[in-house]
Structures are given as C-alpha cells and as structure tokens.
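I have placed the structure first, in the form of structure tokens, so that the comments after it can refer back to it.
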Amino acid sequence: MSSDKIQVTFEDGRRQVFPRGISLDEALKASGGPDRAWIAARLDGNLVDLKRTLDADATVEGLSADSDKGLEILRHSASHIMAEAVKALFPEARVAIGPAIEHGFYYDFEVEKPFTEEDLERIEAKMAEIISSRLTFQRKEISREDAIAFFQKRREMYKVELLGEIPDAMVSLYEQGDFVDLCRGPHIPDTGSVKAFKLTSVAGAYWRGDERNRMLQRIYGTAFGDKEALEKYLHFLEEAHKRDHRRLGRELDLFSFSDEVGAGMVIYHPKGAILRHILEAFEKREHLRRGYHLVMGPTLLKTELWKRSGHFDHYRENMYFTEIEEQSYGIKPMNCLAHMLIYKSKIRSYRDLPLRLFELGTVHRHEKSGVLHGLLRVRQFTQDDAHILCMPEQLHKEIQDIIDFVIEVMGIFGFAYDMEISTRPEKSIGTELDWERATNALISALEDKGIPYTMCEGEGAFYGPKIDVKLRDALDRRWQCATIQCDFTLPERFDLTYIGVDGQRHRPVMVHRVILGAIERFLGVLIEHFAGAFPTWLAPVQAVVVTVSDAQLPFARQTFEKVRDLGVRVELDDRNEKLGYKIREAQVQKIPYMLVIGDREVAGGHISPRRRDGTQLETMTPESFAALIEKECLDATKGKVGLGII
RNA sequence: GCCGGCGUAGCUCAGUGGCAGAGCAGCUGAUUCGUAAUCAGCAGGUCGCGGGUUCAAAUCCCAUCGCCGGCUCCA
C-alpha cells in the first residue's frame, strides 16, 4: 500500500482504499454502505467522533441513533445541549455532570432557586433553538493544567474538582456554541442530529451521590434520532402508568393505604388478601416438598438478643423498639433470630444437616419516608424467609437447589429476571478462605446451570456474599426479590455447632434466602407484570355469574353455589342491569370468566362461559366448567395448583 | 432523611380571597334486556389535619401528616 493510501475494513467485512487523512465521515459516505444518518463511529473498537481522521489502516463501524451505543451518544450530546440552554437562560448556574442513562439523560446544576415546570419549558424552547442552528461539536485536547485554569476562570468549580481526580496529562473538551464542557466524548457531529427530545422531570440530587454534599438540581430528559421513537417511548410511559400497581390496586380493590394508619403499611382488601393467601399456600406446599420445616418466631424479641446478633450495632437505625415492664424489646426486622434459637434448642448431629427452616415471617423496618413506594417499598412486610444450616461441604448443593427453586417459581409466574453476585465489601468480617469458598459456591452454582449473571464487586453483605435476583416493574425499575446470602457470622455469634462423624463439634454454615422476597413487593411486581389480568390460578375472582335478566336469577343462584362448591372462586352479579353492563364490569375487573345465563341456559341446565379476551365457549354444565378451569390452573402451574388451593 | 410538586365527594378532576361543583360510582324508582356502559330522581363534603392573616380562606402564610417524581439508603 502506498504511503498516501490506507485500507479501511467496514463492519460488514467490505474493504476499501482511501487517501490517508480522510475523515470517518467521508469514508463512511464514500463506502457505499447503507445510507444512514451516522452520528459517531467505532474505530478499531473505540468510540470516536465522525470528524476523526484516518491515518492508518483501520476497521470502522458507523453508529446511528438506531443502535444502543449510537443512541447513548446522541443522548449524551443532548445533555450538553441542555446544559448550553440552561447556561444561556441562567448564567449563574454551575454545571456538574450530565451523562446518558438508560432511557435518556440528565444534567446536574447548582442554582440558587430550583427549576420550575415553566423553566423546563423555557429550557426546551432554547434547546430547540440550539438544535435548529446545527452547532458543531468541536473536540479540543488540552493539558489538564490548562483545563483547570480554564474552568477556574469560568468558576465551574465542579469541573475543577473532577479534573483534580483525572490522572491523565491531557484531557478533552467539547465545545458547541458558547458551551464548553469537560468530556471524554464522542459526540454527534452537530446539534441537528437530535431529531426529537423532551425534558421529563426535575429533581434534587446530591453532588456525587453523597448526602453530605450539596444538593444540586437535576433535570431529566430523553432524546431520540426520530420523532416516532420519541412518540413510542411516551406511549410506553402511558401504558406503564396504566399498569402501575398502585392504580390497579385501587381499581381492582386489592389493597389500600391510609394516612390515618401511617405510611408504608398495607391494608389488604378481600381480593388482595386472597391473592396473598394463594401465594402463601403455594409457597408452604413448595417448601414442604423440598424438605423445609415450617416454623414461626415471635415479633418482639428482647433487645439483648439483637445486641448479640449484631443487629443492634449494624441495623438499629432501621428497627423499632418498645418497652415491656422495664425490659427493652425490638420488633424483628428479620426472621433469623428465632431460627437460630430453634437450631440451638438441642444438640445437632451431622445427620440433622442440612436443616432448612422456613417462615412466612412478618417484619418491620424503619425505611426513610422518602423511599416508600406503593407495595414495592413498605415498612411492614412478610418474607418467604428460610435459613439453611449445613456443613461447609453441603453449601454448593444447597445453593444449587435454591437456584432451581427460584428458577422454577419464576418460570411459573413468567418473570424474566437478572441475577447478580455481590462480593466482599470493604467493611466486612470473616476469613478470606470463608469468603472465597462461599463466593465460589455462588458462582459455580450459577455457572453449572448456565445462568448469566453480573458481578457486583464489593456489594455483598458485611457477613457474606450473595446472589440477588432482580425483577423489573412496569417502568423498568429493577427491584430485588429473591436473594441468597451466605453468612458466617450468626453461627459464630450464637455458637451454633453440630457433632460431626468424628465426634467433634463443628461450626455449620448458614444461608439466608428468600424466593419471592417480600410478598408485598412480589405482589406489586406481579400486578404490573400481568397488568392486573391475573392468570386463572391467581385471579382473586375466577368467574362471575351474570344473567340476561332478573328472570334467571333463581337458576343463577343455584349455579353460583354449585360452582363455588366445586372450588371455584366465583361471584354472582345479581344487579338489575343489562347483560352488556355486567359483562363490561367483569371485563374492567379483569375477571377471567363470565358465566352467562339466559332462558336458553336455564332450559338446558347449562352455563355459557365467555373468556375475558372475548372468546365465547360452548355451553356446558357447571361441572365441566370447573374441570375446564382446574385443568387451566394445573397447566399454568406445572401441576402444582388446581382448584381450592386455600 | 434531602430537593421539588401535590392533597377538594368512594374514584377522576374543575374551582386562586366573596353561596363548594362536574362525570363516574352509590341509593331509590322505572325498565326485564343475549356478551364492554338503559332512563329518571335522590343523596353524598371537617376542601388531609392544626394554627395564623383577613370583614371574609378550598384559595394567602406557618407547622404537621400523607402522596407523587428523583437523590440518599436498601443487612
């Protein structure tokens, strides 16, 4: 290859020769590849601006707003545009940081007065102006010292602070219009690439996420490469809002909260309570099937005991205390203590292990008022909690069994989930060997099953590593449900032992684990997952009997009682309304089956079932209907739940 | 806990200093109807709670409880 030519390999494998020094932009245009609006590129694997020139042979991939990376770059640029708009309207504002995030971007500002909704509109208008003037993003590389001097002169102290922590001698700045930001890049070629954007909300946020620091004002927004994508996203938000469990909880009459009762306390109405009963009955059965013992511990335990377990030192802020006859008691925030005492109630042999103690344990935690969120974050909740005490060599098998359990249950409910392994944090106790063995047990359990997971280094509990299983709510927020945690501390603190084959005392290992997690939270995610239209096996009301007119009421009552006797959760709508009205009610209540009774059905001794999806079934006897839905329940739960579970 | 917003009938909401409103739901009556809303009438309020300003407060101010969006936290 002559010295003034270079060879470029494109993403799709095509190769082409260009003059040395050609820009990526020109190379992509000349490449004859798909004609798309490129906004940045990957050059030999690194993300770069389109203006970057090619001085040697290279592989090149153009990025458009259709790709995840491209969209991320677009949104990052949108945050710079927003910052420029804010600086233009509020010259006294100081800029902090402004990254792209999962569904958009934000930028943090230090301002005297928080932004208002009207401010957001003005900022949006200014952004639209900046976008239509198609300002180019210019990259500049300067020395760190010069950058510090530059931002100091502009009194952008947050940037100066950030620069103080960058070790590199050279840093890059990006400039568009009057706005200059410290930024690694890359960015879109000019502001015109942002075809659709919207500022969504404003909220306070601590500088660097530390509550000891000053609270800044964060503006959230989102941006896309075309208007349709933005419309689609806004539509998604609308749909998500409709399936918000707090809204459905009220509409379907499942539960409520009351400011007279207090924050974070769930009041279960009949339909919500039956849902919970179904979940709990399902769980008890599944735990017994897997060799767990059902136990129950008290709610109040002496504070002395919480001191011994370490909760008083490490968890006091989240606990409620009370006094009974001059003796201090703590309300349990976790269920482990009684389980420890059950273990200790007699001498244990290796033959007793593993010992699996399961409790649907109701706990109370003092969560800060600002974090409460419907059923997903409450102050009183019930965990499907178990503690497994086993020999160290049994740990691997126990963890695998728990993972199987979690997978089977998530499969029945139809949840997708993400798994995370959290390793040793800085502040922790236990030997290096213990941690290594436990962490490896968790990793190998997941790897043996071929389950993908992410590592969260240093995110473990102080007493041991853990696997967390996260489910997503309607708005794509992730909530921890199942968790599997190894613990070396409690067996130590409570001096738990077992007699080994060798006749000597040994220390058992403990695993804390929940499958659904908190029943409340799980229920909340479940409601959103099904948008309130529960499968028949979970539906609080499985069928409603509706008549064409009052004339069929006597037969309808008989039928209703018969179907109820067969174990179906059924209701009778005996209101004097037209059939269409009653069908609509049932539909809105998302009841799986409507059992229609008119003169024809009375004559034949039949019912005419209609599914909530609108399908009309053959007329049938109450017995065949019960058999039909029993089969449906069994099919949905892999044979575990039929009729009359509770 | 922190920043901002909000709290009016069971629900969704209108009402910004001068008589507390609408739709749906509820109740009563009429209608007796075949698969997503029959008609009419009636009733329903401590305007979250407590103070204050004012001749007068749902409306303005303070405090408090609760809710919403974030931040922080989440053993």
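Small disclaimer: the values here were computed from a predicted structure and weren't measured.
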Using distance only, find each side-chain donor-acceptor pair of residues 254-265 of chain A under 3.5 Å and give its atom names and separation, not counting sequence neighbours.
{"from": "A:S256", "atom 1": "OG", "to": "A:H269", "atom 2": "NE2", "distance (Å)": "2.7"}
{"from": "A:S258", "atom 1": "OG", "to": "A:E260", "atom 2": "N", "distance (Å)": "3.0"}
{"from": "A:S258", "atom 1": "OG", "to": "A:V261", "atom 2": "N", "distance (Å)": "3.2"}

Would you mind classifying the nucleic acid contact of A:Q217 as base, sugar-phosphate or nothing, using non-hydrogen atoms under 4.0 angstrom?
->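 Here A:Q217 touches the backbone only, sparing every base.
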What is the nucleic acid contact for A:K466, judged by heavy atoms within less than 4.0 Å: base, sugar-phosphate only, or nothing?
-> sugar-phosphate
The criterion is salt bridge (charged side-chain N to carboxylate O under 4.0 Å, His left out); which residues satisfy it with [X], sequence neighbours excluded?
X      : answer
A:R478 : A:D418, A:E420
A:D384 : none
A:R94  : none

For atom [atom1] of [X] and atom [atom2] of [N], their distance in whole Å:
X      : N     : atom1 : atom2 : result
A:I97  : B:C71 : CD1   : C1'   : 12 Å
A:I101 : B:C71 : CD1   : C1'   : 12 Å
A:F255 : B:G10 : CZ    : P     : 19 Å
A:N318 : B:G1  : CG    : C1'   : 12 Å
A:D550 : B:G29 : CG    : P     : 13 Å
A:L216 : B:G4  : CG    : P     : 13 Å
A:I591 : B:A36 : CD1   : C1'   : 13 Å
A:H269 : B:G10 : NE2   : P     : 14 Å

Scan the side chains in residues 453-464 of chain A for donor-acceptor partners under 3.5 Å anywhere in the protein, sequence neighbours excluded, and list what turns up.
{"from": "A:Y453", "atom 1": "OH", "to": "A:E447", "atom 2": "OE2", "distance (Å)": "2.7"}
{"from": "A:E457", "atom 1": "OE1", "to": "A:T423", "atom 2": "OG1", "distance (Å)": "2.9"}
{"from": "A:Y463", "atom 1": "OH", "to": "A:Q485", "atom 2": "OE1", "distance (Å)": "2.5"}

Report each atom pair, protein N/O against N/O of nucleotides 12-16 of chain B, whose distance is under 3.5 angstrom.
{"from": "B:U12", "atom 1": "OP1", "to": "A:R250", "atom 2": "NH2", "distance (Å)": "2.8"}

Counting heavy atoms from C-beta on, name the nucleotide in [options] closest to the side chain of [X].
X      : options             : value
A:Y581 : B:U38, B:C33, B:G1  : B:U38
A:I583 : B:U35, B:G26, B:G34 : B:U35
A:E577 : B:A36, B:U32, B:U38 : B:U38

If we count only N and O atoms by modelled type, under 3.5 Å, do the side chains of [X] and [Y] hold a donor and an acceptor together?
X      : Y      : answer
A:Q552 : A:D599 : yes
A:T362 : A:T382 : yes
A:H606 : A:E601 : no

Which residues pass the side-chain contact (heavy atoms from CB on, under 4.5 Å) test with [X], not counting sequence neighbours?
X      : value
A:E161 : A:E165, A:W207, A:R208
A:T299 : A:I331
A:S201 : A:Y220

Mapping A:T116 and A:Q587 onto RNA chain B by nearest heavy atom, which one lands closer to the 5' end?
->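 By nearest-heavy-atom nucleotide position, the 5'-most residue is A:T116.
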For RNA chain B, whose closest nucleotide is more 5', that of A:G580 or that of A:R575?
->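 The residue closer to the strand's 5' end, by nearest nucleotide, is A:R575.
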When rounded to the nearest Å, what value does the distance between [atom1] atoms of [N] and [M] take?
N     : M     : atom1 : result
B:A40 : B:U35 : C1'   : 26 Å
B:U8  : B:C47 : C1'   : 4 Å
B:U54 : B:G18 : C1'   : 12 Å
B:C61 : B:A57 : P     : 15 Å
B:C2  : B:G45 : P     : 36 Å
B:U64 : B:C42 : C1'   : 38 Å
B:G23 : B:A37 : C1'   : 13 Å
B:U28 : B:C65 : C1'   : 39 Å

Would you mind pulling out the nucleotide paired to [N], Watson-Crick or G-U wobble, both distances under 3.5 Å?
N     : value
B:C71 : B:G1
B:A40 : B:U28
B:G50 : B:C62
B:G34 : none
B:U16 : none

Pairs meeting criterion ring pair (Phe, Tyr, Trp, His ring centres under 6.0 Å) with involvement of residues 365-386 of chain A, two or more places apart |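 Found A:Y320-A:H366, A:H373-A:W479.
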Check the surroundings of atom CD in A:E92: do more than 12 heavy atoms from other residues, nucleotides or ligands lie under 6.0 Å from it?
-> yes
Can you check whether A:R521 has a side-chain N or O nearer than 4.0 Å to OP1 or OP2 of B:C74?
-> no
Going 5' to 3' along nucleotides 64-70 of chain B, which nucleotides have protein heavy atoms under 4.0 Å from the base (write B), which only from the sugar-phosphate (write S), and which from neither (write -)?
-> -SSSSBB
Is the base of B:C73 touched by the side chain of A:R377 through a donor-acceptor pair closer than 3.5 angstrom?
->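 It does, because a donor-acceptor pair links the side chain of A:R377 to the base of B:C73 below 3.5 Å.
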Shortest non-hydrogen pair, A:F534 vs A:R612, comes out as O-NH2, 2.6 Å
Where along residues 594-616 of chain A does a heavy atom come under 4.0 Å from RNA chain B, residue by residue in number order?
->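 Residues of residues 594-616 of chain A under 4.0 Å from RNA chain B: A:V596, A:G598, A:D599, A:R600, A:E601, A:S608, A:R610, A:Q616.
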